[in-house]
There are 2 protein chains.
Amino acid sequence: MSSARATSARDLTRNQHLVLGTLEKAESPLSAYSILDQLREEGLRAPLQVYRALDKLLEMGLAHRLESLNAFVACAHPHCHKSGLIAFAICESCGQVSEFSDDVVRQRLDDWAAREGFVTKRTTMEIRGACRACASAA
Amino acid sequence: MSSARATSARDLTRNQHLVLGTLEKAESPLSAYSILDQLREEGLRAPLQVYRALDKLLEMGLAHRLESLNAFVACAHPHCHKSGLIAFAICESCGQVSEFSDDVVRQRLDDWAAREGFVTKRTTMEIRGACRACASAA
DNA sequence: GGCATTATGTTATGACATTACAAGTTTGAG
DNA sequence: CTCAAACTTGTAATGTCATAACATAATGCC
């Protein structure tokens, strides 16, 4: 069932499947520990079980880490792996996260890196604020 | 000497001054705890003393937090507060951090936010990789 | 089978950050 | 001046996030 080199959602280990499922059901980012809490009845007991699953999911692009929250979300577009640069808009009021990408931004950062001789491995971009609904409610 | 409403580097409390000085002397980002360690002889004893100072320094724009490292740096351009969006390029090999800003990127993100009705409070942008020196050495 | 690789489980520990409380200092209104 | 409000500081305890180290089992390959 599960291979040693899973590369798609259909080929996940049990723990990876459980963790991804939890993220997908959630409406906001989840910390590793809250994922763990939700999976105790499934037999998970230690943080490392969650962190290991998350590592693989991040690697496969099925989940993302939000650095400014120390939390994780399922990828909103798990099918199209098009973008090497994903931006997140995080509503600090309701917790919702929007995922988007912008080729112009990516290009500008690539240009900067090229000028500086910087070899980019990974870019994180997180906008914190209030989504439309929460901003108009306030 | 220190007022209740410090707004510039010349008007810092003792702890703020010590913390900022430590960051300025450092060649790489420092965690709050390593700042604390360096300031034990100056009488600092608890993490909170450092975190409180850092909060103020961040507020004043004299220091920045690197979310992907859980660490802090002194602002490289403490004089010109021009940019509302600062990007960081972090070399994972030598630890050096370059601070830059790009008006086109800022504009694109502002446009996105305007379209979505998202009210931006704070944006973090961090590029991880290898600086020119380390990339060519590798 | 025998070996390498990968996944899993468990305990303990390390690293980062905040809560809650107590006490001293500065500021300014009256 | 004097009091009270606002702010800063110190300290201990705790909470939250993440990994190291070790043991075991499953899997793929020759």
Side-chain angles (χ1 to χ4, degrees), chain A residues 1-8 11-20 22-23 26 28-60 62-73 92 95 124 126 128, chain B residues 1-7 11-20 22-23 26 28-60 63-73 92 95 124 126 128:
Chain A
M1 173 190 160
S2 66
S3 87
R5 284 236 159 256
T7 53
S8 85
D11 201 25
L12 299 173
T13 66
R14 170 177 158 83
N15 286 356
Q16 289 160 14
H17 183 74
L18 287 170
V19 168
L20 183 56
T22 304
L23 287 177
S28 329
L30 296 178
S31 75
Y33 277 74
S34 61
I35 294 170
L36 176 58
D37 286 341
Q38 294 188 36
L39 292 175
R40 295 228 184 248
E41 350 179 285
E42 304 292 340
L44 270 71
R45 295 159 160 274
L48 205 48
Q49 295 176 290
V50 173
Y51 280 110
R52 287 203 274 233
L54 283 169
D55 281 347
K56 296 298 181 185
L57 294 173
L58 296 179
E59 223 174 70
M60 298 180 212
L62 298 175
H64 302 295
R65 177 189 173 85
L66 299 175
E67 302 284 358
S68 66
L69 294 178
N70 293 328
F72 304 84
V73 289
E92 293 179 337
T124 73
E126 300 176 15
R128 308 277 300 251
Chain B
M1 174 187 163
S2 66
S3 85
R5 287 237 158 253
T7 53
D11 198 25
L12 298 174
T13 66
R14 170 177 159 81
N15 287 357
Q16 289 161 12
H17 184 75
L18 287 170
V19 168
L20 182 57
T22 303
L23 286 177
S28 328
L30 297 178
S31 74
Y33 278 74
S34 62
I35 295 170
L36 176 58
D37 286 341
Q38 293 187 38
L39 291 175
R40 297 228 182 247
E41 348 179 285
E42 304 292 342
L44 271 71
R45 296 159 160 272
L48 202 49
Q49 294 175 291
V50 173
Y51 280 111
R52 285 204 273 233
L54 283 169
D55 280 348
K56 296 297 182 187
L57 294 172
L58 295 179
E59 223 173 72
M60 297 179 213
H64 302 295
R65 176 187 175 87
L66 298 175
E67 302 284 358
S68 65
L69 294 178
N70 293 328
F72 304 85
V73 290
E92 293 180 337
T124 73
E126 300 176 18
R128 309 277 300 251

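Chain identifiers are assigned alphabetically (A, B, ...) following the order of the sequence lines, protein sequences preceding nucleic acid strands; residue numbering begins at 1 within each chain. Everything numeric in this text was worked out from a predicted model, so none of it was measured.
- Summarising the geometry, the separation between CG on A/N15 and C1' on C/dT10 is reported as 13 Å, rounded to the nearest angstrom.
- In this structure, CD of A/E67 is placed 13 Å from C1' of D/dA18, rounded to the nearest angstrom.
- Residues meeting the side-chain contact (heavy atoms from CB on, under 4.5 Å) test with B/R128, sequence neighbours left out: A/R122, B/S68, B/L69, B/I90, B/E92.
- Comparing the end axes of the helix from C/dG1-D/dC30 to C/dG30-D/dC1, each fitted to five base pairs by superposing C1' atoms of four pairs onto the next four, gives an inter-axis angle of 30° (nearest 10 degrees).
- When each of B/V50, B/L44, B/L20 is paired with B/I35, the side chain to side chain contact (heavy atoms under 4.5 Å, CB included) condition holds for B/V50 and for no other.
- Comparing C/dC16, D/dT8, D/dA18 by their closest approach to the side chain of B/N70 singles out C/dC16.
- Straight-line distance from the CG atom of B/L36 to the P atom of C/dA15: 14 Å, rounded to whole Å.
- The CD-C1' distance, from A/E42 to C/dG9, rounds to 17 Å in whole Å.
- Nucleotides of DNA chain C nearest to B/F72 and A/G43 differ in position, and the one nearer the 5' end is that of A/G43.
- Of the residues listed (B/L18, B/V73, B/L30), the one engaging B/L23 in a side chain to side chain contact (heavy atoms under 4.5 Å, CB included) is B/L30, and it is the only one.
- The residue from A/Q49, A/R52, A/K56, A/E42 that alone fulfils the side chain to side chain contact (heavy atoms under 4.5 Å, CB included) condition with A/N15 is A/Q49.
- Spacing between atom CG of A/D37 and atom P of D/dC17 amounts to 10 Å, rounded to whole angstrom units.
- A pairwise comparison of heavy atoms in A/S31 and A/A71 identifies N-CB, 4.2 Å as the closest pair.
- One can place CG of B/L66 at 15 Å from C1' of C/dC16, the figure rounded to the nearest angstrom.
- In this structure, the side chain of B/Q16 engages the main chain of B/T13 through a donor-acceptor pair within 3.5 Å.
- Distances from the side chain of B/S31 to the nucleotides C/dT8, D/dC17, C/dC16 place C/dC16 closest.
- Only one option out of A/V19, A/L58, A/L57 pairs with A/F72 in a side chain to side chain contact (heavy atoms under 4.5 Å, CB included); it is A/L58.
- Summarising the geometry, the separation between CZ on A/R14 and P on D/dA25 is reported as 18 Å, rounded to the nearest angstrom.
- Between B/T13 and D/dT9 there is a side-chain N or O to OP1 or OP2 distance below 4.0 Å.
- Looking only at distances, no side-chain donor or acceptor of B/E126 sits under 3.5 Å from a matching main-chain atom of B/L66.
- For DNA chain C, the neighbouring residues in residues 44-56 of chain A, judged by any heavy atom under 4.0 Å, are A/R45, A/A46, A/L48, A/Q49, A/R52, A/K56.
- Take the nearest nucleotide of DNA chain D for B/Y33 and for A/S34: the residue whose nucleotide is more 5' is B/Y33.
- Side-chain atoms of A/R65 do not come within 3.5 Å of backbone N or O of A/N70 as any donor-acceptor pair.
- Taking atom NE2 of A/H17 as the reference point, atom P of C/dT8 lies 13 Å away to the nearest angstrom.
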